[in-house]
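A quick write-up on the structure given underneath.
Note on naming: letters A, B, ... go to the chains in the order of the sequence lines (proteins, then strands), and numbering restarts at 1 for each one. Computed over heavy atoms, backbone and side chain alike; hydrogens, waters and symmetry mates excluded.
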Protein chains: 2
Amino acid sequence: MNDFSAAQRSRVTMLDVAEHAGVSKASVSRFIGDDRALLSDAIARRIEQSIAELGYRPNQMARGLKRGRTRLIGMLVADIRNPYSIAVMHGVETACRRHGYSLVVCNTDRDDEQERQHLALLRSYNIEGLIVNTLGHHRDELDELKREMPLVLVDRKVDGLDGDMVGLNNPQAIEMALEHLQQRSYRDVLMVTEPYDGTSSRIERVGSFQKQISQREDMRGAVLETGSSLANDLQTFLNTSDSGPKALFCANGVAALACTLALREIGCQLFEDVGLIALDDLDWYPLVGSGITALAQPTEEIGERAFECLLKRLRGDDEVARTLDFAPVLIERGSTRRQAE
Amino acid sequence: MNDFSAAQRSRVTMLDVAEHAGVSKASVSRFIGDDRALLSDAIARRIEQSIAELGYRPNQMARGLKRGRTRLIGMLVADIRNPYSIAVMHGVETACRRHGYSLVVCNTDRDDEQERQHLALLRSYNIEGLIVNTLGHHRDELDELKREMPLVLVDRKVDGLDGDMVGLNNPQAIEMALEHLQQRSYRDVLMVTEPYDGTSSRIERVGSFQKQISQREDMRGAVLETGSSLANDLQTFLNTSDSGPKALFCANGVAALACTLALREIGCQLFEDVGLIALDDLDWYPLVGSGITALAQPTEEIGERAFECLLKRLRGDDEVARTLDFAPVLIERGSTRRQAE
DNA sequence: TTATTGTCTGAAACCGGTTTCAGGAAACAC
DNA sequence: GTGTTTCCTGAAACCGGTTTCAGACAATAA
């Protein structure tokens, strides 16, 4: 019968170090913390040696208890399998590490109840700050949390919650996409998005799209949500009598995958019959047909800046809520390489 | 000037609840824990109401301190941007949640020093168990850790560390791939792998490949590592005078991406000039050419079983180290749809 | 009736750290 | 030589919980 709890209990503790070095716990604590300056060289050396000899490692849980600083940052992610989320998360983690923080990631799988539970969980672990990339229902809980710790929204806005926000400049992205499509002489554009689902960035993108395309005289637009009838819907779009060359505009990477699969299903000759531009730049875009034109988001940077926002707040910054909007980068590939007229 | 630390300190504590309900801390603790049976109905009701009224949430850090149970599981991932790791992680997380545990993921970015730091970190947070998907250098630290808590290796073996292991049945996977290629009458197979890098599963796969292909009389094999000269190397392979139809066998998803990009670079007509089968099944495989044939790993299940292994150990199981090998599933697509002769 | 058992409860010690506070020793001023 | 100041140190309280232990009380047995 193994007994890990006994093993755990046998770990070297601060008291062990103190006794071994013949000093008090307080001195050891000072050595561990930032107060080393308070100690005489002689004592510091003794402690240092004892720590090395015993292989002592301070217990962060215990530290966090009294100190209130756990050096833990929480991140709530709606869908951990979405490449965008992964990339942002990687950025956050990098920044965390650079500043001595650790990241606890909770995946809600787009489930409201799980969001609630994870929120409670993170709170109970005394995280110091929270990065949110979910729908942010449970407004009351978020509000409460926001009083306890700084909070940054990534790629989402939550109604009535005035936290910092980091994400894409959606109007600018739409503008860039439409400009590119127009230059390439596409005239009839179908924006394909995942179901809105209350996701603010999706709503924003579609809104911007509709507004901007109506302002371009020679272009026409429509919007479609992914779903079981996607292939049919695309077929219909392609069949309607022309007002000009057609293109699809996928509002994110997941939609791009769904579209490309659907186009293949209906036997559409990609990029001859229809143009395609997609938000996000996934690693397989170059591989499909002659490549999918992308508007890449600076995901790593978004993640890093999200953490830095948090850090500023933790250090006492109390400016009004900030919004950081990043510009996408156009990466042209074969899927929009129609010649300008 | 905001003051989150003050806010944090103002959280409702167990003492608040106790006073509000007119009982002792001990009783509240019993209510919170599993000892509710010890309490009289009257007291339990009073506590329950006070908790609801004050919105009390127990502090997990403090609980973990005395109890030794943090309900935290750690996971060490070599590369969080590898789809395989993500999928496994998702499985682990699902299983964790089902059993009331939470997951702390640390990404080492394939860096040994980061592995060491993260290991120390996880330990200092009193995690109860560890899932390792890294190179596992720092054998000494892992050994030490293994005495304190159960440990499961995923897709890796670490020399001399006799922990539980969960992963793919590599010989069987190779066997299935070669059998399939042979049936489709490919004769000359190049296995493409990421640099070995000490990763046991890569070494195992290559080893199995070399052994098995030498046993098939009519087939010939070679091995290639991805890298800057990949395109050239593939060109060379394709140019060598034939012993028969050629195929590539990518040892994982990352290699598959690299290969497909390289083939495109050298203008190779995928799947007419050369067959392709890849381990792992990524969501874009169907989109490339006529689709890439895959050997899918049951990643979710691998993750879940890894956690369950841990759980068994935590509950006192002390059998010898176990190895769980999963079988892959063949998903045939256009890239090997050469007619049998 | 008294002795015994069992059930519920709270005081206090404890987990492993941090922090306050008071005091001793050395350094400085007068 | 005394009076201050400064520097370093340890005892003890504290963080927010859990757990042990002993006592109060009711219920049962003798």
Side-chain angles (χ1 to χ4, degrees), chain A residues 5-47 50-51 54-72 123-126 128 148, chain B residues 5-47 50-51 54-72 123-126 128 148:
Chain A
S5 55
Q8 189 143 348
R9 239 162 258 310
S10 73
R11 272 180 47 180
V12 178
T13 162
M14 177 176 275
L15 190 61
D16 298 332
V17 175
E19 284 172 356
H20 185 271
V23 299
S24 70
K25 277 202 315 180
S27 293
V28 180
S29 173
R30 287 177 185 123
F31 184 87
I32 296 298
D34 295 334
D35 304 330
R36 198 172 307 195
L38 293 180
L39 297 178
S40 68
D41 285 359
I43 286 212
R45 255 195 308 278
R46 288 227 302 280
I47 295 177
S50 295
I51 287 180
L54 299 175
Y56 168 70
R57 303 215 125 269
N59 178 333
Q60 295 295 345
M61 295 277 174
R63 298 189 88 179
L65 196 51
K66 172 81 181 182
R67 219 181 193 186
R69 302 189 59 194
T70 54
R71 297 296 198 157
L72 245 33
R123 199 156 154 228
S124 76
Y125 278 109
N126 279 6
E128 292 183 42
E148 291 177 15
Chain B
S5 54
Q8 191 144 345
R9 237 162 262 308
S10 73
R11 272 180 47 179
V12 178
T13 163
M14 177 176 273
L15 191 60
D16 298 332
V17 175
E19 283 172 356
H20 186 272
V23 300
S24 70
K25 278 203 315 180
S27 294
V28 180
S29 173
R30 286 176 185 125
F31 184 88
I32 297 297
D34 295 335
D35 305 330
R36 199 172 306 198
L38 293 180
L39 297 179
S40 66
D41 285 359
I43 286 212
R45 255 196 306 279
R46 289 224 303 278
I47 295 177
S50 294
I51 288 180
L54 299 175
Y56 168 68
R57 303 214 126 269
N59 178 333
Q60 296 295 345
M61 296 277 176
R63 298 188 89 180
L65 195 52
K66 172 80 181 184
R67 219 183 194 183
R69 304 189 58 193
T70 55
R71 297 297 198 157
L72 245 33
R123 197 155 155 230
S124 77
Y125 278 110
N126 278 5
E128 293 184 39
E148 290 177 17

Nearest atoms (heavy-atom pairs only) where [X] meets [Y]:
| X | Y | value |
| --- | --- | --- |
| Thr70(A) | Asn126(A) | OG1-O, 2.7 Å |
| Arg11(A) | Arg57(A) | NH2-O, 3.7 Å |
| Leu54(A) | Val17(A) | CD1-CA, 3.9 Å |

Please report the distance, rounded to the nearest Å, between [atom1] in [X] and [atom2] in [N].
| X | N | atom1 | atom2 | answer |
| --- | --- | --- | --- | --- |
| Asp41(B) | dC8(C) | CG | C1' | 12 Å |
| Tyr125(A) | dC15(D) | OH | C1' | 17 Å |
| Phe31(A) | dT19(C) | CZ | P | 17 Å |
| Arg57(A) | dG17(C) | CZ | P | 12 Å |
| Met14(B) | dC15(C) | CE | P | 18 Å |
| Glu19(A) | dG17(C) | CD | C1' | 15 Å |
| Asp35(B) | dT18(D) | CG | P | 9 Å |
| Leu54(A) | dG16(C) | CG | C1' | 15 Å |

- So does Tyr56(A) get a side-chain nitrogen or oxygen closer than 4.0 Å to the phosphate oxygens (OP1/OP2) of dG17(C)?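 Checking dG17(C) against Tyr56(A), a side-chain N or O does come within under 4.0 Å of OP1 or OP2.
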How long is the span from the [atom1] atom in [X] to the [atom2] atom in [Y], to the nearest 0.5 Å?
| X | Y | atom1 | atom2 | answer |
| --- | --- | --- | --- | --- |
| Met61(A) | Tyr125(A) | CE | OH | 6.5 Å |
| Gln60(A) | Arg69(A) | CD | CZ | 11.0 Å |
| Met14(A) | Ile51(A) | CE | CD1 | 8.0 Å |

Find every protein N or O atom lying less than 3.5 Å from an N or O atom of nucleotides 9-13 of chain C, and list the pairs.
from, atom 1, to, atom 2, distance (Å)
dT9(C), OP1, Ser40(B), OG, 2.5
dT9(C), OP2, Ser40(B), N, 2.8
dG10(C), OP2, Ser24(B), N, 3.3
dG10(C), OP2, Ser24(B), OG, 3.2
dG10(C), OP2, Ser27(B), OG, 2.7
dG10(C), N7, Arg30(B), NH1, 3.2
dG10(C), O6, Arg30(B), NH2, 2.5

- Item | Donor-acceptor under 3.5 Å (Asn59(B) side chain, Ala62(B) main chain) |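 Present.
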- Assign Ser29(A) to base, sugar-phosphate, or nothing according to its heavy-atom contacts below 4.0 angstrom with the strands shown.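 The answer is base, as Ser29(A) lies within the cut-off (heavy atoms under 4.0 Å) of a base atom.
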Under 3.5 Å, which donor-acceptor pairs link side chains of residues 19-33 of chain A to any protein atom two or more places apart or in another chain?
from, atom 1, to, atom 2, distance (Å)
His20(A), ND1, Ser50(A), OG, 2.8
His20(A), NE2, Glu53(A), OE2, 3.3
Ser24(A), OG, Ala26(A), N, 3.4
Ser24(A), OG, Ser27(A), N, 3.4

- Five-pair end axes of the helix from dT1(C)-dA30(D) to dC30(C)-dG1(D) and the angle they enclose, rounded to 10°: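 Angle reported: 50°, given to the nearest ten degrees.
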